[in-house]
Amino acid sequence: MSALFPTYAKWEIQANSGNGAILKDQNHKEYLDFMAGIAVCNLGHCHPRVNEAVKKQLDKVWHVSNLFHIEAQEKVAQLLVEHSVGDYVFFTNSGAEANEAAIKLARKATGKHHIVTLKQSFHGRTLGTLAATGQEKVQEGFGPLLSSFSYVELNDEKALQQEVTEDTAAIMVEVIQGEGGVHLMDESFSEQLKAICHEKGCLLIVDEVQTGIGRTGTAFGYEQWNLSPDIFTLAKGLGNGFPVGAMVGKASLKEAFGTGSHGSTFGGNPLAMAAAEAVLQEVFLDETLAHVQDKGELLQNQLKEQLSPLGIVKDIRGKGLMIGIECTIEVADLLYACRKQGLLVLPAGAKVIRLLPPFVITNEQINQAVSMLAAVLKEADEKQSVNV
Ligand SMILES: *Cc1c(COP(=O)(O)O)cnc(C)c1O
């Protein structure tokens with residue numbers, strides 16, 4: 001008996017407590033958490049530095065209003081622009097809101113409204129970001145959608161060339177499609193993106209809601225594709241579980257977001273900023289990013305070694321600690337079997353298992369997770385070959 005709208009197919013687990021990469025349920029069963037609240041708790045559950053920062057702020061002041069000067073906002077914005085290609089920041093409460101801000105800013109700054117996004121993308125659930133999302137299953141029943149979006153297949157350079165015109169305000173992309181199946185952008189496609197934005201005079205928006213905040217082994221994913229987005233958006237990992245998002249833009253866009261043009265009651269709230277500041281101080285350390293690269297490589301290599309020989313495993317790909325295992329079969333039952341073993345992993349579409357462990361995972365935890373995955377996938381593989 002639940003009074004909740006059944007928008008989520010709920011799992012059987014209730015999380016009672018968490019520490020680092022370990023989550024404990026209502027029966028004190030321990031799980032290795034390789035989803036981190038969907039790329040949110042990047043520093044692990046109850047990270048001491050973030051907990052301390054929020055606790056400290058909790059006894060000072062919770063909320064004022066964006067009419068006030070909020071020192072922590074200035075600090076977080078400063079940290080973001082110092083470590084990125086952006087110059088100004090607008091704070092939101094979620095990824096969808098950050099993308100809404102990006103879409104609004106792109107329209108206002110260019111005076112145009114056509115935006116090209118990618119098929120299989122995910123940009124959020126608000127009416128604007130729903131239209132930006134190139135997946136019919138997410139849009140179904142909510143029309144008529146905001147018009148003036150068009151979609152091209154990821155890595156289809158010809159389609160991109162055709163779709164972008166002088167009337168295009170922006171191209172909006174993820175460098176790795178998260179929800180869409182852990183699909184990586186080709187280098188030649190990112191080169192073409194740059195060229196086309198330059199040629200047609202349109203803005204480049206990179207949605208870093210999932211790939212940002214160290215997830216792929218660099219502070220932001222776009223760095224590894226040599227992109228310099230006019231706008232990029234953040235949320236998920238920014239507060240390590242405290243709801244907060246951000247839109248970061250280049251200096252040339254400042255005038256378009258002048259006083260009174262956009263706003264948010266809660267965006268940049270002092271508690272959220274306390275969390276975000278602590279997160280960024282930790283994530284921007286060279287050690288942290290090197291750790292993500294090392295552990296990501298180790299995890300991906302072990303997965304390839306142990307899982308690639310299986311017939312049901314089609315591809316293993318990713319960057320840093322964002323990894324997809326594409327299977328030839330639907331993965332819902334496999335995820336359930338993993339949970340039974342004590343491993344929490346996510347799907348990305350019907351046939352991809354998505355791994356998003358927290359950055360604090362150890363080699364031993366990687367070994368454990370890989371052997372649990374191997375056991376589950378081997379069993380499914382044997383069943384599959386019997387069926388054939
Ligand atoms: C999760 C996600 C969003 C939506 O973020 P919300 O905080 O749920 O609104 C947008 N873009 C990408 C790439 C995401 O992964």
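Just so you know, these numbers come straight off a predicted model, no measurement behind them. One-based numbering, in listed order, for ligands and for the atoms of each. What's counted below: heavy atoms across the whole structure, side chains too, no hydrogens, waters or symmetry copies.
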Exercise. Could an N or O of ligand 1 be found under 3.5 Å from any N or O of K236, whether backbone or side chain?
Worked result: yes

Exercise. V152 versus K119: any side-chain heavy-atom pair under 4.5 Å?
Worked result: no

Seminar exercise, completed: Note: ligand 1 atoms sitting under 4.0 Å from heavy atoms of Q210 are 15 (O)

Problem set entry | ring-ring contact (aromatic ring centres under 6.0 Å, His included) partner of F232, the single match among F220, W225, Y88 | F220

For this session: Taking salt bridge (charged side-chain N to carboxylate O under 4.0 Å, His left out) as the test, write out the residues that go with K29, two or more places apart.
Result: none

Problem set entry | F122-ligand 1 polar pair, N/O distance under 3.5 Å | yes

Problem set entry | Ligand-side contact atoms (ligand 1) for residue partner G95, heavy atom cut-off under 4.0 Å | 5 (O), 6 (P), 7 (O), 9 (O)

For this session: Determine which pairs satisfy ring-ring contact (aromatic ring centres under 6.0 Å, His included) with at least one residue from residues 21-63, sequence neighbours left out, and list them in order.
Result: H63-F266

For this session: May I ask you to identify, for N99, whether its side chain, its backbone, both or neither come under 4.0 Å of ligand 1 on a heavy-atom basis?
Result: side chain

Problem set entry | Subset of ligand 1 atoms that lie under 4.0 Å from at least one heavy atom of S94 | 7 (O), 9 (O)

For this session: Measure the OG1-CZ distance between T110 and R107 for me, rounded to the nearest 0.5 Å.
Result: 9.0 Å

Exercise. Any idea which part of E174 is under 4.0 Å from ligand 1, heavy-atom wise: side chain, backbone, both or neither?
Worked result: side chain

Problem set entry | Which atom of L271 lies closest to which atom of N269, heavy atoms considered | N-OD1, 2.8 Å

Exercise. Looking only at atom types and distance, does a side-chain atom of S308 sit under 3.5 Å from a main-chain N or O of E305, one as donor and one as acceptor?
Worked result: no

Problem set entry | Polar atom proximity, A96 to ligand 1 (N or O, under 3.5 Å) | yes

Problem set entry | Ion pair K112/E166, N-O distance below 4.0 Å | no

Exercise. Any N or O on G124 sitting closer than 3.5 Å to an N or O of ligand 1?
Worked result: no

For this session: Answer yes or no for atom 8 (O) of ligand 1: protein heavy atom present at a distance under 4.0 Å?
Result: no

Seminar exercise, completed: atom 11 (N) of ligand 1 has as its nearest protein heavy atom D207 OD2, 2.7 Å

